[in-house]
Amino acid sequence: MSIQIYNTLNQEKEEFIPQQAGKVSMYVCGPTVYNYIHIGNARPAIVFDTVRRYLEYKGFDVDYVLNFTDVDDKIINAAKKTGETVQEIADKYINAYLEDVGALGVKKATHNPRVMDTMDDIVAFIQELIDKGFAYEVEGDVYYKPRKFDGYGKLSHQSIDELRVGARIQIGEKKEDPLDFALWKNAKDDEISWDSPWGKGRPGWHIECSAMVKKHLGETIDIHAGGQDLTFPHHENEIAQSEALTGKPFARYWMHNGYINIDNEKMSKSLNNFVLTRDLINAHDPEVIRFFMLSVHYRNPINFTEELLESAKNSFNRIKTAYQNLEHRKHSSMNLVNDADNWMEKINSFKQEFENAMDDDFNTANAISVLFDITKEANQYIQQDQTQAKVIDAFQAAMETFLHILGLEAWSKDELLDEEIEALIEERNEARKSRNFARADEIRDQLKEKNIILEDTPQGVRWKRG
RNA sequence: GGCGGUAUAGCCAAGAGGUAAGGCAGAGGACUGCAAAUCCUUUACCACCGGUUCGAAUCCGGUUACCGCCUCCA
């Protein structure tokens, strides 16, 4: 089956066919780096990283570009407050972003362009738009004229005449039309600025993405992604800028992820209910956070509460435990090669189901349910009197594959116990043999305090970290 | 006002014409020296009202509630 992607442009699922066989160009709108990111910023990072991982699993070579907006009012204000330079603020929060998102299992982008490094391209882009009659300069500002561009509104499905534009003109602006938006802003006295044909200034917000996409991925890209609030005006404006310039389609598939609410309310400054990704990572296992995010389809809203995260932790533990129990059972398995066909077939069918789920617009919620199905099957298998190493391996390999696609495999590394603990486990075994259960339980409790949990199975003691 | 989204068990969440996946929590049972883990069993008038259909959470029309975007925002 082919991959189906819900395309905001047409509001329906479409078969995904990249321009070039085997290659995917993908651009994701990144953060404005003026603060630590909140969990709302973490969602697109995780979701589109998972999209990328799945495309790579399917054999595509993915060029994944995520930008950093490092020139912006908010950064300038932050710099004014702390006395640092804009560059320093930006550097600090770019590093923080990469750390946070890295902890959540997000792979590094192939490029992380910054506005500061793209200034020449941005200026050239704007100049060309002026030359082509889509933009005009007024006293050092440059504005784009959406009314000049035929398809304006095609992404957000807004009619240009229905837009409520009353609030759009601010005092001191010199737009010809309230709909016009800034490509270049004239510098105020002491602000950071760059030279341009229209004097010192800095770019508007939307133009950077158009310029970066063109610079790093070309005129038409396969996938453009971001939060659904970016649909309008940001992405709409990107299309207007880029397509006016090139005359070619800007992006072929537009993907937008849903919002995160906190206790059923939008995160907002007035409610003061922002949850910083950083704080959450310090308080919870990052993989549980990622698992939680992926347990809901990316286009649906997620409500975040501590209780739901706790529930996600228990859920994810079930999968982890099954994987670890397979590992333990491996040592008491036989190396026969026959009689395993039924199980191997079953395991293969899970693979197919997993792919079916992911093919269907990256339905991670269903993909995770396949992970639970295989977990149950594996649990049943290892309870049999006799097991085969080959089947155990196949179970584990399938689980690893699924977990890797979801970016959740980091925990599965081998862990070792130190000698002291090994000795205690051995002592407990002896105590149990001689039916000295008091001593056995004492040791079990003692280890539990050290976060080592012992479980007695027909195949001997099994331990795990609590 | 325009555009879009959401309403499914105590909770979370898939499903998009053939009478409801999965997980968490709860209850009962099995296994265990006791536990743990696991297995088995168990819980749904799919927001409301009409319509189409042999058949509708699923399609159409309407209603209600909530949410997002239209202004910086993931």
Side-chain angles (χ1 to χ4, degrees), chain A residues 8 11 28-32 34 37-48 69 72-74 77 153 155-170 179 181 205 225-234 236 256-261 264-269 291-292 295-297 299-303 305 307-319 321-322 324-325 328 353 357 360 363-373 375-376 378-383 432 435-438 440-441 444-445 448 453-458 461-464 466:
Chain A
T8 306
Q11 298 175 294
V28 179
C29 285
T32 300
Y34 69 106
I37 58 166
H38 58 254
I39 59 173
N41 299 293
R43 166 118 103 145
I46 289 171
V47 159
F48 297 119
T69 300
D72 176 272
D73 282 345
K74 288 189 286 258
N77 289 338
L155 180 70
S156 55
H157 306 98
Q158 303 266 354
S159 149
I160 202 162
D161 296 316
E162 299 289 352
L163 291 168
R164 201 153 76 183
V165 294
R168 279 182 148 234
I169 295 197
Q170 285 168 9
L179 232 40
F181 60 88
W205 174 39
Q228 69 184 190
D229 54 322
L230 294 180
T231 310
F232 191 93
H234 186 57
E236 196 70 61
H256 296 278
N257 67 274
Y259 254 75
I260 294 181
N261 294 319
N264 283 316
E265 284 179 312
K266 184 188 174 179
M267 278 190 283
S268 75
K269 279 175 189 158
F291 178 86
F292 171 72
S295 67
V296 178
H297 184 86
R299 282 190 281 116
N300 289 152
I302 295 188
N303 188 37
T305 66
E307 289 73 25
L308 291 173
L309 201 59
E310 182 65 25
S311 169
K313 179 183 164 189
N314 291 339
S315 298
F316 188 50
N317 268 147
R318 179 173 161 81
I319 295 166
T321 301
Q324 286 159 346
N325 291 354
H328 177 260
E353 283 175 39
D360 183 14
N363 193 329
T364 53
N366 273 340
I368 284 172
S369 86
V370 176
L371 212 32
F372 281 113
D373 291 341
T375 290
K376 172 165 274 186
N379 282 335
Q380 285 172 341
Y381 184 71
I382 62 172
Q383 280 194 317
R432 289 187 73 222
R435 304 191 68 77
N436 181 359
F437 296 120
D441 290 350
R444 188 167 64 193
D445 290 344
K448 193 176 178 184
I453 300 196
L454 298 189
E455 299 170 356
D456 300 318
T457 79
V461 186
R462 188 162 70 195
W463 67 271
K464 66 178 179 185

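Here is the naming used below: chain letters follow the sequence lines, and residue numbers restart at 1 for every chain.
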Taking atom [atom1] in both [N] and [M], compute the distance separating them and give it to the nearest angstrom.
{"N": "B:A16", "M": "B:C59", "atom1": "C1'", "answer": "9 Å"}
{"N": "B:C46", "M": "B:A20", "atom1": "P", "answer": "11 Å"}
{"N": "B:A44", "M": "B:A9", "atom1": "P", "answer": "11 Å"}
{"N": "B:G55", "M": "B:A74", "atom1": "C1'", "answer": "43 Å"}
{"N": "B:A7", "M": "B:U42", "atom1": "C1'", "answer": "27 Å"}
{"N": "B:U32", "M": "B:C39", "atom1": "C1'", "answer": "13 Å"}
{"N": "B:G68", "M": "B:C60", "atom1": "P", "answer": "25 Å"}
{"N": "B:C49", "M": "B:A14", "atom1": "C1'", "answer": "27 Å"}

With heavy atoms under 4.0 Å as the rule, sort [X] into base, sugar-phosphate or nothing.
{"X": "A:Tyr259", "value": "base"}
{"X": "A:His234", "value": "nothing"}
{"X": "A:Ser315", "value": "sugar-phosphate"}
{"X": "A:Glu307", "value": "nothing"}
{"X": "A:Ile39", "value": "nothing"}
{"X": "A:Leu371", "value": "nothing"}
{"X": "A:Asn363", "value": "sugar-phosphate"}
{"X": "A:Gly258", "value": "base"}
{"X": "A:Gln380", "value": "sugar-phosphate"}

**Item:** Dot-bracket notation for RNA chain B, counting Watson-Crick and G-U pairs under 3.5 Å, with | for partners on another strand
**Value:** ((((((((.[[[..)..(...]]].(((((.......)))))....[[[[[..)....]]]]])))))))....
Side-chain heavy-atom pair [X], [Y] within 4.5 angstrom cut-off:
{"X": "A:Lys464", "Y": "A:Asn317", "answer": "no"}
{"X": "A:Asp456", "Y": "A:Arg444", "answer": "yes"}
{"X": "A:Tyr34", "Y": "A:Asn77", "answer": "no"}

Round to a whole Å and report the spacing from [atom1] of [X] to [atom2] of [N].
{"X": "A:Asn325", "N": "B:C39", "atom1": "CG", "atom2": "P", "value": "10 Å"}
{"X": "A:Gln158", "N": "B:G5", "atom1": "CD", "atom2": "P", "value": "12 Å"}
{"X": "A:Ile368", "N": "B:C12", "atom1": "CD1", "atom2": "C1'", "value": "12 Å"}
{"X": "A:Leu230", "N": "B:G5", "atom1": "CG", "atom2": "P", "value": "18 Å"}
{"X": "A:Phe291", "N": "B:A13", "atom1": "CZ", "atom2": "P", "value": "13 Å"}
{"X": "A:Lys376", "N": "B:U41", "atom1": "NZ", "atom2": "P", "value": "7 Å"}
{"X": "A:Phe292", "N": "B:C11", "atom1": "CZ", "atom2": "C1'", "value": "12 Å"}
{"X": "A:Ile302", "N": "B:G5", "atom1": "CD1", "atom2": "C1'", "value": "15 Å"}

Heavy atoms from C-beta onward define the side chain here; which of [options] lies closest to that of [X]?
{"X": "A:Leu308", "options": "B:C11, B:A37, B:G33", "result": "B:C11"}
{"X": "A:Arg432", "options": "B:C11, B:A21, B:C34", "result": "B:C34"}
{"X": "A:Pro233", "options": "B:A14, B:C70, B:A37", "result": "B:C70"}
{"X": "A:Phe232", "options": "B:C70, B:A74, B:A14", "result": "B:C70"}
{"X": "A:Asp441", "options": "B:C34, B:G4, B:A37", "result": "B:C34"}

**Fill in**
Note: for A:Pro31 and A:Thr375 on RNA chain B, the residue whose nearest nucleotide lies more 5' is A:Thr375
**Fill in**
The answer to which of A:Ile260 and A:Asp373 contacts RNA chain B further toward the 5' end, by nearest nucleotide, is A:Asp373
**Asked** Do the rings of A:Phe372 and A:Phe291 sit parallel, tilted or perpendicular, given the 30° and 60° boundaries?
**Response** perpendicular
**Asked** Are a donor atom and an acceptor atom from the side chains of A:His38 and A:Asn41 found within less than 3.5 Å of each other?
**Response** yes
Under 4.0 Å between a side-chain N or O of [X] and OP1 or OP2 of [N]?
{"X": "A:Gln383", "N": "B:C40", "value": "no"}
{"X": "A:Asn379", "N": "B:C39", "value": "yes"}
{"X": "A:Asn300", "N": "B:A13", "value": "no"}
{"X": "A:Arg318", "N": "B:C39", "value": "yes"}

**Message:** Ignoring hydrogens, what is the shortest heavy-atom contact between A:Ala365 and A:Ser295? Give both atom names and the distance.
**Reply:** CB-O, 3.5 Å
**Request:** Measure the distance between the ring centre of A:Phe437 and the centre of the six-membered base ring of B:G33, then answer whether it is under 5.5 Å with planes under 30°.
**Result:** yes
**Glycosidic conformation of B:A57, taking syn as within 90° of 0 and anti otherwise** = syn
**Asked** Is there a donor-acceptor pair under 3.5 Å between the side chain of A:Ser315 and the backbone N or O of A:Ser311?
**Response** yes
**Item:** Sidechain-backbone polar pair: A:Asn363 side chain, A:Asn366 backbone, donor-acceptor under 3.5 Å
**Value:** yes
Donor-acceptor pair (no angle test) under 3.5 Å: [X] side chain, [N] base:
{"X": "A:Arg299", "N": "B:G5", "answer": "no"}
{"X": "A:Asp456", "N": "B:C34", "answer": "yes"}
{"X": "A:Asn314", "N": "B:G23", "answer": "no"}
{"X": "A:Arg444", "N": "B:A35", "answer": "yes"}

Atom [atom1] of [X] and atom [atom2] of [Y]: how far apart are they, to the nearest 0.5 Å?
{"X": "A:Gln158", "Y": "A:Glu236", "atom1": "CD", "atom2": "CD", "answer": "8.0 Å"}
{"X": "A:Asn325", "Y": "A:Gln383", "atom1": "CG", "atom2": "CD", "answer": "9.5 Å"}
{"X": "A:Phe232", "Y": "A:Thr8", "atom1": "CZ", "atom2": "OG1", "answer": "14.5 Å"}

